[in-house]
Amino acid sequence: MSAHRRGFRFGATGLALAALLLSATACGGTTRENSGDDSGAGNQANGAANPDAQLKEGLKIAFLPKQVNNPYFTVSDNGGKTAVTEIKGEFKEVGPSEASASSQVSYINTLSQQGMDVIVTSANDPNAICGALNQAKAAGAKIVTFDSDTKPECRQIFVNQVTAEGIAENQVKLISTQIGGAGEIAILSATANATNQNAWIELMKKELAKPEYSKIKLVTVAYGNDDDQKSFQETQGLLQSYPNLKGIISPTTVGVAAAARYLSGSQYKGKVKLTGLGTPNQMRQYVKDGTVDAFALWNPADLGYLAAYAGAALASGQITGAEGEKFTAGKLGEYTVGTDGVVVLGPPTVFDKNNIDQFDF
Amino acid sequence: MAHDSLYAAPPSAGTDTEQTAGRLTGLRAAFGSWDAAVVAALVLAVLVAGVSVQNFATGRNVQFLLLDLVPLALLALPMTLIVVTGEIDLSVASTVGLCSTLMGQLWLSSGLSLELICVLVVLLGGVLGAVNGLFVTGFGLPSLAVTIGTLALYRGLSFVVLGDQAVADFPASWTAAAVRNIPGTPIPAAVLPVLLLALVFGVVLHATTTGRALYAMGNNDQAATFAGVSVARTKFWLFVASGAVCGLVGVFWTLRYASARGDNATGLELTVVTAVLLGGVSIFGGRGALLGVVAGVLLLGVLRNALQLADVDANALTIVTGALLIASVVLPNAVADLRARLHRRRQRANPVAP
Amino acid sequence: MSLTDTGTPDDLAGRRSSGDDRRRPGFTERLLAVRELSLLLALGALVLVTTLRNDRFLSGQSVKDLLLGCAILVILAVGQTLVIVTRNVDLSVGSILGLVAFCTGSLFLAAPGLPWPVALLLGVALGALCGAVNGGLIAVAKVPALVITLGTLYAFRGIDYYWAAGRQINAADMPRSFLRLGNQTVLGVPVLFLIAVVVVAVVGYYLRAYRGGRELYAIGSEPAAARLSGIPVGRRVFAVFVASGALAGLAGVLYAARFGTLDAAAGTGLELQVVAAAVVGGVAIFGGSGSAYGAALGAVLLTTIGSSLAVLRIDPFWQQAVVGALILAAIGLDRLLALRTAARLRGRSARGA
């Protein structure tokens with residue numbers, strides 16, 4: 001009855017309104033071509049650095065990882081804590097319980113509200129947290145990213161765990177030695193848009209094009225979404241799709257552990273080689289039972305340690321994030337800021353059954 | 001049994017009449033004051049946080065707090081109306097995600113103007129809502145099951161649209177506008193459309209015959225039908241409205257975070273339902289007011305913000321959200337039960353009532 | 001328009017039809033058998049298509065992987081069936097699984113020499129305790145299980161996170177005998193799958209043949225009528241939640257054994273798959289009908305879809321969309337069948353009169 005008609009009217013009004021809006025906006029709006037968005041403002045390193053400045057005491061340094069329940073970040077944040085204690089600062093670790101960019105924004109706002117001197121973060125999305133970081137920067141905080149970068153203009157320093165070239169060289173060399181320099185290999189990656197993963201994969205392809213690896217053929221790249229079960233299933237799928245597969249590279253801690261677990265319980269154990277980036281604690285069992293010969297990783301504790309020192313150096317005025325500046329990071333020694341404010345931790349460590357017991361992370 | 005579309009508790013109301021009558025009056029009394037209780041809790045939370053939590057009562061913090069609440073507040077509006085009719089829409093967060101990725105994909109590859117894209121996305125949201133509405137009213141399926149299905153479907157599709165890529169090159173003027181304040185105040189301009197929509201939904205719910213019909217449906221579908229209200233049609237349009245609002249939130253979310261990606265707003269549906277129930281809307285339908293829901297949204301936001309500022313662990317926040325949800329449904333019933341019991345005892349004490 | 005034509009009146013008819021089904025068990029069972037048969041057919045078609053594209057899909061290793069992969073989901077889906085049949089739902093199973101899995105890991109960390117059956121029992125007990133919290137709250141609050149278990153979904157997960165505090169438990173921390181449980185096979189069949197089969201058989205038989213089991217269907221069909229006919233509705237529903245929690249606890253222990261690497265996020269979002277498996281398996285979401293066997297088949301089907309998408313090299317992003325579409329298709333199909341049945345029964349009684 002009346003509700004019928006009202007429903008109709010409601011709908012009709014909505015449609016009419018939409019049509020009006022459509023016609024009003026169809027001509028002369030903001031399109032991708034004419035938006036002229038010049039976001040590449042570059043890394044603003046304003047003010048002069050004073051290389052002789054002392055590290056200030058009592059700096060408030062906050063670590064904001066991708067998520068607080070990730071063991072990898074627990075280790076790196078603890079490295080940061082060690083550094084902050086050394087320089088007599090105040091350490092704090094906060095973060096969302098699930099890895100999402102939007103909840104990171106809310107934490108960045110909170111930290112800037114609390115008047116932190118340094119925010120050390122690992123970005124869930126290179127763009128989504130930029131606005132909040134810039135606001136925090138405007139409020140006086142120094143921004144350091146580690147592990148996963150944002151756009152360069154949103155932070156002063158990015159502490160890179162290794163260079164992408166270093167990873168690619170290391171991984172290709174490891175798999176080549178293990179499979180005897182010839183055969184089909186596959187890559188099990190994290191997610192299809194993980195910036196660092198894609199950069200590494202590209203460089204691995206370049207590396208494989210070198211003459212010494214000419215007998216190795218990369219057949220596919222699979223994505224396990226950094227999800228244990230998914231990575232497990234993808235490994236299974238790889239071995240079924242490519243019966244001649246000799247080796248798998250999984251440059252992600254979740255992927256390599258899942259792949260190792262699959263291989264260790266399957267007929268392919270020891271026959272299909274696996275290497276990648278994994279933590280010694282996760283991989284210890286598979287190295288000892290012969291599923292995995294050797295794998296690599298940087299030390300996440302050192303990564304957090306270096307990031308904390310870089311933040312302290314920024315806040316003390318030792319550096320501004322410009323290329324060529326130098327600072328000392330406690331026990332790790334001296335580091336130089338590279339292009340775009342990138343500081344590189346160093347080459348990855350290779351773990352095998354001889355040295356794995358010396359590491360606990 | 002008017003609320004079969006939701007999970008009725010086994011000792012559901014309307015079984016043994018005598019006891020129920022007592023409980024219903026008790027419930028009504030409890031719910032009548034529930035709005036007031038939520039508002040009071042909100043005021044108390046703001047006062048306590050303002051005094052005891054450093055940096056809480058500042059203009060900047062107000063801005064952060066309100067900006068974080070815009071999506072939640074928007075989604076809670078149509079959800080209130082839907083829950084009042086005894087249905088539920090669990091697909092809202094996935095719809096937001098799909099709208100966000102559609103916006104990204106359109107911006108990336110269609111060459112349309114952003115103004116047009118925003119309108120299209122809101123309309124697409126309406127279409128996604130209409131799918132829910134069609135399944136619920138057209139095929140007569142329980143909304144809970146349907147929207148759990150579309151929750152998975154829309155989230156899956158949003159990953160299909162953009163994969164794991166993110167589209168982020170929206171014009172800076174637009175993304176800045178999404179977080180800009182009303183000049184001279186610490187209040188984000190995005191709050192204005194929320195207020196406007198709250199007004200519209202409030203008027204529809206509380207001051208029109210359609211609104212009264214919504215309550216009637218929540219209390220008893222059949223009675224509403226006999227009273228001449230087209231239950232199916234009204235519910236259908238409610239789901240469409242919910243979808244369109246999701247589209248709007250999708251646009252806001254994308255611009256605010258300058259990033260269209262498949263996992264945007266994941267899990268938000270639980271917070272929305274929590275806010276609505278906290279606001280005193282009965283999950284059985286038929287009861288609740290928009291004022292209470294707005295207060296519930298603000299209360300959730302203030303609590304989270306204050307706890308975050310006080311360095312409370314993110315995991316504790318998860319527990320708080322769950323506990324609030326449980327408390328908001330257990331408390332009114334427990335109070336009503338207690339009252340009914342007291343009432344009965346009093347009756348027994350003086351059998352000859354004046 | 002069809003929007004107004006169907007709607008409430010048919011809604012009632014649909015519900016009445018499920019009531020009629022109850023009175024004609026032969027008919028219901030035939031319907032269910034049709035459902036289980038069609039699930040088997042779908043499963044067969046899926047395996048066939050995948051195998052045609054890649055013949056290794058049916059190799060021993062692959063089948064073993066599949067059975068291993070579905071065991072946990074099967075157990076959870078069977079627990080969910082018990083709950084859904086009574087017109088309730090338990091959304092907290094994923095969180096209970098996570099909590100119990102982490103607890104099992106920590107238990108081995110604290111007492112390395114612990115024999116695994118003890119850990120198994122403790123895990124099941126913890127799960128049952130969580131289930132009792134759910135059941136107790138539902139009994140006290142007299143509100144839909146949906147709301148309560150949505151709340152405990154947060155709460156249990158929060159406790160899990162809080163407790164784990166970012167720690168991770170690794171395979172090396174757990175005894176080998178326990179981990180072997182996760183990967184061992186008997187005559188080529190994974191132990192995990194055998195456990196799942198036992199659970200399915202026990203619950204399936206209980207639901208079908210025991211008075212208590214039949215009463216659950218009565219409760220789900222019409223709680224008021226069930227109470228009037230003397231069924232202790234409150235106690236039964238409480239028991240059902242305890243059972244669902246205990247099964248989630250069992251699944252949690254098995255999860256720990258299978259995956260070896262545990263952090264607090266284990267099982268996040270699993271509840272959706274579990275409900276999907278039950279619904280796809282023909283368990284009516286509004287209670288009163290469905291079988292444990294159907295739910296188990298639903299779980300197997302969902303897992304197989306996951307594996308075959310990986311084998312077929314189809315963009316994995318489609319997987320979730322497929323799950324959603326399947327849920328919609330399944331409830332739509334149920335609806336259609338119910339309407340048909342109702343029409344046929346109406347026709348019959350008209351002829352009889």
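Side chains included, hydrogens not; waters and symmetry mates left out as well; all remaining heavy atoms used. Quick caveat, the model's predicted, so the values are computed rather than measured.
Side-chain contact between C:Ile327 and B:Leu151 is absent, with no heavy atoms from C-beta onward closer than 4.5 Å. Counting heavy atoms from C-beta on, the side chains of B:Leu324 and C:Tyr154 never come closer than 4.5 Å. The shortest distance between side-chain heavy atoms of C:Tyr162 and B:Asp313 falls below 4.5 Å.
If you measure heavy-atom distances from B:Leu157 to chain C, the contacts under 4.5 Å come from both the backbone and the side chain. C:Ile159 touches chain B through backbone and side chain together, each having a heavy atom under 4.5 Å away. Neither the backbone nor the side chain of C:Ala276 has a heavy atom closer than 4.5 Å to any heavy atom of chain B. In this structure, chain B has no heavy atom under 4.5 Å from any part of C:Val279. Proximity to chain B (any heavy atom under 4.5 Å) is shown, for C:Leu326, by neither the backbone nor the side chain. For a residue to count as touching a neighbouring chain, one of its non-hydrogen atoms must lie under 4.5 Å from one of that chain's; by this rule B:Ser91 does not touch chain C.
Atom CD1 of residue B:Ile319 and atom CZ of residue C:Arg157 lie 12.0 Å apart, to the nearest 0.5 angstrom. Note that CD of B:Glu269 is 8.5 Å distant from CG of C:Leu150, once rounded to the nearest 0.5 Å.
Closest of all the heavy-atom pairs between C:Leu328 and B:Val146 is CD2-O, 3.6 Å. Taking each heavy atom of B:Leu141 and C:Ile331 in turn, the nearest pair found is CD2-O, 3.5 Å.
Note: B:Leu270 leads B:Val330, B:Leu270, B:Val273, B:Thr274 in heavy-atom pairs under 4.5 Å with chain C.
For B:Phe135, the ring pair (Phe, Tyr, Trp, His ring centres under 6.0 Å) criterion is met by B:Phe139, not counting sequence neighbours. Scored by the ring pair (Phe, Tyr, Trp, His ring centres under 6.0 Å) test, B:Tyr154 finds no partners at all (sequence neighbours excluded).
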